[in-house]
2 protein chains.
Amino acid sequence: MTDGVAERSRPRDRILETAQDMFHKHGIKGVGVDAITEAAGTNKMTLYRHFESKDELVIECLRATAAKASRIWDEFEAQHPGDKLAQLHAWVQKASELLSADSRGCDMANAAVELTETDHPARRVIKELKEAQREKLVALCRDAGIGQAELLADTLSLLLEGARVSMQSVGAEGPSAQFVRMAESLIVSFRVR
Amino acid sequence: MTDGVAERSRPRDRILETAQDMFHKHGIKGVGVDAITEAAGTNKMTLYRHFESKDELVIECLRATAAKASRIWDEFEAQHPGDKLAQLHAWVQKASELLSADSRGCDMANAAVELTETDHPARRVIKELKEAQREKLVALCRDAGIGQAELLADTLSLLLEGARVSMQSVGAEGPSAQFVRMAESLIVSFRVR
DNA sequence: CTAGGGTGTTACCGGTCTGTAACTTCCAGC
DNA sequence: GCTGGAAGTTACAGACCGGTAACACCCTAG
């Protein structure tokens, strides 16, 4: 039971937290609702009283993950209040740390790969959340005084997304190991311009 | 039956081709062997006479995909014999074309995302094939006279990998739309150095 | 013409999946 | 102490999964 998260709290919270963790580790199609409820120390009926379907649970998990990521951005502002360029460097640093700490990449991107049905209800949620994150990074670049803010933000996005997926196929010693160097010299080259 | 590939040829070839196509479109866990054999105009017994398991079929499909990609590299050499820099630009161009033509990304990366079991037999194959592709790109960059060939190759790899996964979450109008511009200016900046 | 290998067909095994029904148990608020 | 709602339990439905057994067929090489 390596996935046990059985602190005493409300069943709904336990289910949500456990599901996040297990979806992240094993993929969405790789884990059944029975396994989630068991690891959460509850049962299937209780899950279906709080979530109308597995798809809906998946969506709630993605929203929770995005909310967690959003809280990290607050740290940047707290650590470097007003200094947007420093916050951009902190973004690079934090991304690199998360790359080292976890090899399963981005939950939203992974879900998009796994849920191939074009009309799957989670797909529009993924798109919305990813677009919001993109907006945030663009704004950070612009406020940091970068000229082509959109282009830098998109390039950094692709580098990070690529690093996270590359780790899953070739491991941490592959191209993703150079992420920080790539990102930093990119920022430099965009500032000079 | 949108996945039908029923030309008269040997069952093994039809199964392999059909499986490649369906794994690509619907994911590995998203398609069963019954669906593959039906679309290939054959039956399950015949599949299991040629492939000892679904996992083995998956591996054969990945090898076939990699072989197809390898043939594209031969085109570069044919189109620009000896001119490695031109071949590098052709690589960027071709990558961009494939991005526009297909939104389901790289089969190997997708498989790595889907097959989370660390000891899954396909994982080592994915790693080997990806490492071979990396070697090829590094060699191309080096032979094109790029100083930091490894770094350029890895950066281009991450950009492309990122573009392919980004398309699946936010669509073709997202950051991946700028792939060519990013790659080309990267090459320029590495040449100047 | 015949033998034999590749192929097709049908049925089945044991397991897993999402989702539901009916019933019991527990516990907090009155 | 009683009550009402949340949570747990058991069993089940219906579908799908990967994989196998037994047998009929067809077509080509000799």
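Each chain gets a letter, A, B and so on, in the order its sequence line appears, and its residues count up from 1.
DNA chain D is contacted by no residue of residues 115-125 of chain A, taking any non-hydrogen atom closer than 4.0 Å.
No side-chain donor from either of B:Q87 and B:D143 sits under 3.5 Å from a side-chain acceptor of the other. A donor-acceptor contact under 3.5 angstrom links the side chains of B:T46 and B:N43, judged on distance only.
For residues 83-92 of chain B, the salt bridge (charged side-chain N to carboxylate O under 4.0 Å, His left out) pairs, not counting sequence neighbours, are B:E77-B:K84. Listed by first and then second residue, the salt bridge (charged side-chain N to carboxylate O under 4.0 Å, His left out) pairs involving residues 161-171 of chain B are B:K130-B:E161, B:E161-B:R164 (not counting sequence neighbours).
Atom CG of B:L47 is separated from atom C1' of C:dT7 by 13 Å (rounded to the nearest Å). Distance, B:F51 CZ to D:dT20 C1': 18 Å, rounded to whole Å. Rounded to whole Å, atom C1' of D:dG8 lies 12 Å from atom NE2 of A:H50. In this structure, B:I28 atom CD1 and D:dC17 atom P are separated by 15 Å, rounded to whole Å. Atom NZ of B:K29 is separated from atom P of C:dC17 by 10 Å (rounded to the nearest Å). With rounding to whole Å, A:N43 atom CG is found 13 Å from C:dC26 atom C1'. Spacing between atom CD of A:E38 and atom P of C:dC17 amounts to 11 Å, rounded to whole angstrom units.
The shortest heavy-atom contact between B:D107 and B:T65 is OD2-OG1, 3.4 Å.
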Mind listing the side-chain donor-acceptor pairs of residues 89-98 of chain B below 3.5 Å, one per line with the distance, residues two or more places apart or on another chain?
unit_1: B:H89; atom_1: ND1; unit_2: B:E184; atom_2: OE1; d: 2.8
unit_1: B:H89; atom_1: ND1; unit_2: B:E184; atom_2: OE2; d: 3.2

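The shortest distance between the side-chain N/O atoms of B:T42 and the OP1/OP2 oxygens of C:dT7 is not below 4.0 Å. Dashed line: the shortest gap from a side-chain N or O of B:T46 to OP1 or OP2 of C:dT7 is not under 4.0 Å.
A donor-acceptor distance shorter than 3.5 angstrom exists from the side chain of B:R14 to the backbone of B:S9, with no hydrogens or angles considered.
A:M45 belongs to no multi-residue hydrophobic cluster, having no ILVMFWY side-chain contact under 4.5 Å with any other such residue.
A salt bridge is absent between B:E75 and B:R71: the closest approach of a Lys/Arg side-chain nitrogen to an acidic carboxylate oxygen does not fall below 4.0 angstrom.
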Find every protein N or O atom lying less than 3.5 Å from an N or O atom of nucleotides 19-23 of chain C, and list the pairs.
unit_1: C:dG19; atom_1: OP2; unit_2: A:Y48; atom_2: OH; d: 2.8
unit_1: C:dG19; atom_1: OP2; unit_2: A:K54; atom_2: N; d: 2.8
unit_1: C:dG19; atom_1: N7; unit_2: A:K44; atom_2: NZ; d: 3.1
unit_1: C:dG19; atom_1: O6; unit_2: A:K44; atom_2: NZ; d: 2.4

